[in-house]
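Single-structure report; data block below.
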Amino acid sequence: MAPMALALILGWCLVAASRAQQLPRPSLSLHPSQGVSLRDSVTLWCHLPRPAARVELYKEGERTFKMSRDTDKEQDAVEFYLADIKQEDAVKYQCQYRVLEPPGTSEKSDPVALLVTDRSYPPPTISLSPEEHVEMGTNVTIRCWNKPYQGFTFLHKDGHSDPIQHQEPDGGGTATFTLFRVSPADSGTYRCSYRVGGCCLLFSPLGDNVTLEVIPTPAFPGDIGRPRWNLVAAVAGSCAAAIVVILILTLSFLLAAHRRRIQRNESPGAIPRSPKAVQFQVPPGDCEGLTYAELRAVTPGTCTPGPSAAPEPPIIYAEVGTGRPC
Ligand SMILES: *[C@@H]1O[C@H](CO)[C@@H](O)[C@H](O)[C@H]1NC(C)=O
Ligand SMILES: *[C@@H]1O[C@H](CO)[C@@H](O)[C@H](O)[C@H]1NC(C)=O
């Protein structure tokens, strides 16, 4: 039993120690990151989050590193230069670093794709429908046609490093991209490319461009009308809620005060007060010559009296005499 517990504790310590020693991951970047063609060259930078002794560059999927560099303590990035790029270089890359004290190896960086253009393929053609100036909310269709190569087709937008959409073309080699309910943010210049060859990240050149301009419509109901209306509704709603709360509070306060008064009146030992009637004569200026009497009485409360309750509230009678008829 004791050796088993010891082994468990030791195992836990080892796991904890290796966790503590885990090195932060490096990151990899490409320069240039776009527009690299076959026979061009490119630089890959491995960015180090801490000083390292050695940095290695891996092609994704390969077990051994493609290149390695010794580093000195001050370096926070290491460059790998790839010259005369070939088809098989168009893959994803990762980097990793090693430290000596205590000895350790970082995890690999996120993979970075080296997309390479093969200029021996013709660029795809492109069309835009409806053309150029469209109203907000319209569905816009961009068609890219790359017969007879029929590779996976990519839609690029100027200013974005990665393709914004991709899809398989139909049997005729046409890929149809739809931009649903366009907004001014969709304005811009679009181009297509398609993937060639089986092995690698090899693409056709980018084709001709099409330019989309989305005309903003300020009265667009979904955009401007609703938020304002919502604001009005919100303000009105909170005002109404506040008024209701104040009313409830006032009513309950009044009711509580009223109950207290009734309890005081009905409490044993208290002399039940008889209602006072005050009579006064109104000068007979009234055309019907009526005499008015003002009566002050205790109204019965909402709480029903129990069996031992005080006698019924007094009933008040008043006589109203009429004078001479008009
Ligand atoms: C845009 O496409 C969506 C989805 O297919 C559709 O519901 C909508 O009616 C279309 N709008 C216009 C203006 O054609
Ligand atoms: C788009 O292509 C036209 C020629 O078709 C060219 O004059 C224009 O400069 C291109 N626009 C961009 C942004 O590349």
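Residue numbers count from 1 along this sequence. Counting starts at 1 for both ligands and their atoms, in listed order. Below, each value reflects all heavy atoms present in this structure, side chains not excepted, and no hydrogens, waters or symmetry copies.
Here Asp110 pairs with Arg25 under the side chain to side chain donor-acceptor pair (under 3.5 Å) rule; sequence neighbours left out.
Sorted by chain then number, the residues whose non-hydrogen atoms approach ligand 1 to under 4.0 Å are Asn139, Phe180.
Side-chain contact between Phe80 and Thr43: absent, with no pair of heavy atoms (C-beta onward) separated by less than 4.5 Å.
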Begin with the C-alpha distance, continue with both residues' side-chain angles, and end with the deciding distance and a verdict on salt bridge (Lys or Arg N to Asp or Glu O under 4.0 Å) for Arg69 and Glu56. CA-CA 6 Å; Arg69 296 263 184 286; Glu56 294 159 352; over 6 Å; no
Please walk me through it: do Phe154 and Arg195 pass side-chain contact (heavy atoms from CB on, under 4.5 Å)? CA-CA 8 Å; Phe154 294 79; Arg195 196 164 166 186; 4.0 Å; yes
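Ligand 2 has no nitrogen or oxygen under 3.5 angstrom from a nitrogen or oxygen of Asp158. Note: an N/O pair closer than 3.5 Å links Arg191 and ligand 2 by distance alone.
For residues 93-146, the pairs satisfying disulfide bond (SG atoms under 2.5 Å apart) are Cys46-Cys95, Cys144-Cys192, with sequence neighbours left out. Within the structure, no pair that satisfies the salt bridge (charged side-chain N to carboxylate O under 4.0 Å, His left out) test touches residues 33-45, not counting sequence neighbours.
Linking Ile, Leu, Val, Met, Phe, Trp and Tyr whenever their side-chain heavy atoms come within less than 4.5 Å leaves Trp145 and Phe152 in two separate clusters.
Residue contact check: Asn209 has heavy atoms under 4.0 Å from atoms 1 (C), 2 (O), 3 (C), 8 (C), 10 (C), 11 (N), 12 (C), 14 (O) of ligand 2.
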